[in-house]
Amino acid sequence: MTALTASREALIALLRQICGDAHVLTHDDPATDLRPWEQDWRKRVHGRALAVVRPGNTAQVAAVVKACAAHHTPIVPQGGNTGLVVGGVPDGSGTQIVLSTTRMNAVRAVDPANLTITVEAGCVLQNLQAAAEAAGFLFPLSLGAEGSCTIGGNLGTNAGGTQVVRYGNTRELCLGLEVVTAQGEIWHGLTGLRKDNTGYDLRNLMVGSEGTLGIITAATMKLYPLPAAQLTAWAAVPSMDAAVQLLGLAHQRLGPGLTGFEVMGQFALGLVDKHYPQLRVPLWQETPWCVLLENSDSESEQHARSQFEALLEAALEAGCVTDAVVAENLGQARSLWHIRESITLAQAEEGLNIKHDISIPVSRIPAFVAETDALLAREVPGVRMVDFGHLGDGNLHYNVQAPEGVDGKAFLQGNEERVNTLVFDQVAKFNGSISAEHGVGELKVGKLPLYKDPTALSMMRAVKKALDPHNLLNPGRVLG
Ligand code: FAD
Ligand code: MLT
Ligand code: ZN
């Protein structure tokens, strides 16, 4: 037995002692399939883990980190493994531990007077939403992966989703964290305080750090009153300019009632129609863009409906909407949202594609899209734009699909780098960000030095070195 194998065996034995045999999975057992933890959601990368470890509580996470640190073994934290930038799966070396939080899924407490809920990191987002609702409150974070993603992963990526226009990103919803550091110490930061100026904001440093600075084990999140009514409308708009004009009108007329504003291009909706015809996408054939709007009202459904109707009438008059439907009931509203949330899946059905998750000041989005569409059409003829996203936040998923009949994998091999450069250079020109909500992961790590302010990047490196000097937490992600 080599020294390396002996060290590996000793670590596995230690991890089994900490978490129990059933919660340390390795390739040694041929009956165990580690693929669900090793393969990323988009199937871009298939890593190989030394082991998948599933601690059941914070003390076990701390002990696992200490054991891994003693054996110089890197750890990749993982929640629901729905991340889109290859941040939560191991590399191919077979030397990294995947620390899966999914057993740590309890709701620890609801504090109605403080309007907070405290949950463990592995709590699935949908279960967190349900727990909030059962207590009579709204937890507004909402995204297509909510049936499988965890709050730890949402915090790790600072996920956005479809309600950011009103409630902000996951960061804005977080009032406290419990974190295991790279040294295996526990930071007890579940304060639930709305005001705390006692020094550096470590909570905000951890949120969005993609598992590279610490392992989030629990979080205290904000709750909101449940709206009295929530109405959804689907509008056909003639151009991106018109969509931005409609957004302005919606802000004006609905104020804080505007809780969702999503734009969807014709080709993106065509993919949903092609792969999920049973969803019956409205209006898409007659217009280049559709917009999904949500109005949450604290008064009544009647009030919400009349506000919505007045908005749509004004928009029709101004010419920024050509046709619209307002959902009659919750079932219809859910169906409309389901269409929007199915774009990612329809796109995956269509084949590999080049995904972008960019943000630009809203006012400049029409010019960005017009210019960049023309540039791509010229430089990479035949590409199909799967364009959709959170227009209310200035965040577009400006995705590029292979030309008709061209294999996605072959297209990516020959074009991904060039297409990324064309799009990211445009994003830089328009003062935008190359990652609005999905994070950096491994996928964009090489791009950061090209598009991030160099001083910001060197401060990020200094923080990483201070908190994780041996580079044990998710190495190679965010910072190369
Ligand atoms: P994972 O994929 O397991 O991990 C993601 C990252 O967080 C990794 O870097 C991982 O190391 C780190 N991490 C996980 N748990 C912890 C922890 N406890 N402590 C520290 N770090 C941790 N994103 C959006 O922002 N908006 C959307 O609208 C959106 N829609 C999506 C729709 C679909 C269909 C899919 C598949 C994904 C979507 N995403 C969206 C991507 C998004 O990042 C995630 O769904 C979610 O935030 C990740 O949660 P997860 O538990 O799956 O994390
Ligand atoms: C979304 O908005 O649906 C997501 O961020 C997922 C995606 O970009 O495909
Ligand atoms: Zn998104």
Side-chain angles (χ1 to χ4, degrees), residues 36-37 39-43 55 58 61 65 74-90 96 98-102 104-105 119-125 128 141-164 169-171 177-181 206-219 260 262-264 268 292 337 340-348 353 355-359 386-391 393 395-399 435-443 445 473-478:
W37 294 274
Q39 169 89 73
D40 73 302
W41 192 87
R42 289 176 66 205
K43 301 195 170 46
T58 304
V61 174
V65 173
I75 300 170
V76 180
Q78 189 184 92
N81 196 14
T82 65
L84 298 173
V85 291
V86 192
V89 287
Q96 302 184 329
V98 172
L99 189 150
S100 166
T101 59
T102 49
M104 298 173 58
N105 54 17
V119 291
E120 292 181 347
C123 184
V124 168
L125 176 55
L128 170 47
L141 183 65
S142 177
L143 43 116
E146 64 198 22
S148 1
C149 65
T150 63
I151 191 66
N154 303 145
L155 287 157
T157 57
N158 185 28
T162 53
Q163 304 262 306
V164 174
N169 295 292
T170 309
R171 168 171 286 126
L177 289 179
E178 179 185 88
V179 173
V180 171
T181 69
M206 288 293 161
V207 177
S209 65
E210 301 183 49
T212 63
L213 299 181
I215 300 173
I216 296 165
T217 50
E262 299 285 311
V263 74
M264 299 155 288
L292 191 59
W337 277 103
R340 157 63 183 91
E341 301 296 13
S342 300
I343 296 175
T344 305
L345 296 154
Q347 203 186 199
N353 54 80
K355 234 176 188 337
H356 296 121
D357 164 36
I358 58 167
S359 59
V386 187
D387 208 349
F388 66 100
H390 319 286
L391 185 61
D393 320 324
N395 174 193
L396 282 188
H397 298 306
Y398 188 75
N399 302 334
S435 179
E437 58 173 9
H438 297 161
V440 178
E442 187 176 300
L443 211 59
V445 86
L473 294 180
N474 220 357
R477 273 71 197 260
V478 183

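Each ligand, and each atom within it, is numbered from 1 in the order the structure gives.
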Legend entry - Test salt bridge (Lys or Arg N to Asp or Glu O under 4.0 Å) applied to Glu442 - qualifying residues, sequence neighbours left out: Arg477
Legend entry - Nearest-contact summary for atom 28 (O) of ligand 1 - protein heavy atom, Å: Gly161 CA, 3.4 Å
Legend entry - Partners meeting side-chain contact (heavy atoms from CB on, under 4.5 Å) with Ser359 (sequence neighbours left out): Ser433, Ala436
Inset, instruction - Identify, by atom number and element, the atoms of ligand 2 in contact range of Glu437, meaning under 4.0 Å from any of its heavy atoms. - result: 2 (O), 5 (O)
Inset, instruction - Check whether any heavy atom of His390 sits under 4.0 Å from an atom of ligand 1. - result: yes
Inset, instruction - Would you kindly specify which portion of Gln347 sits under 4.0 Å from ligand 2, judged on non-hydrogen atoms: side chain, backbone, both or neither? - result: neither
Inset, instruction - May I ask which of His397, Lys355, Arg340 has a heavy atom nearer to atom 3 (O) of ligand 2 than the others do? - result: Arg340
Inset, instruction - Could I get the full list of side-chain contact (heavy atoms from CB on, under 4.5 Å) partners for Asp40, not counting sequence neighbours? - result: Arg42, Arg44, Val45, Val86, Val89
Legend entry - Contacting atoms of ligand 1, where contact means under 4.0 angstrom from a heavy atom of Asn474: 9 (O), 11 (O)
Inset, instruction - Would you please determine whether Asn154 falls within less than 4.0 Å of ligand 1 on a heavy-atom basis? - result: yes
Inset, instruction - Please indicate whether any nitrogen or oxygen in Asn399 is less than 3.5 Å from any nitrogen or oxygen in ligand 2. - result: no
Inset, instruction - Answer with yes or no whether the side chains of Glu437 and His390 bring together a donor and an acceptor at under 3.5 Å. - result: yes
Inset, instruction - Return yes when Ser209 approaches ligand 1 closer than 4.0 angstrom through a heavy atom, no otherwise. - result: no
Inset, instruction - Sort by chain and number the protein N/O/S atoms that are closer than 2.8 Å to the Zn ion (ligand 3), and list them. - result: His390 NE2, His397 NE2, Glu437 OE2
Inset, instruction - Report, in ascending order of atom number, the atoms of ligand 1 lying under 4.0 Å from any heavy atom of Gly152. - result: 15 (N), 16 (C), 17 (C), 18 (N), 22 (C)
Inset, instruction - Could you tell me if any non-hydrogen atom of Gly160 lies under 4.0 Å from any atom of ligand 1? - result: yes
Legend entry - Contact with ligand 2 for Leu84, non-hydrogen, under 4.0 angstrom: yes
Inset, instruction - Measure the distances from the heavy atoms of Arg477 to every atom of ligand 1 and state whether one is below 4.0 angstrom. - result: no
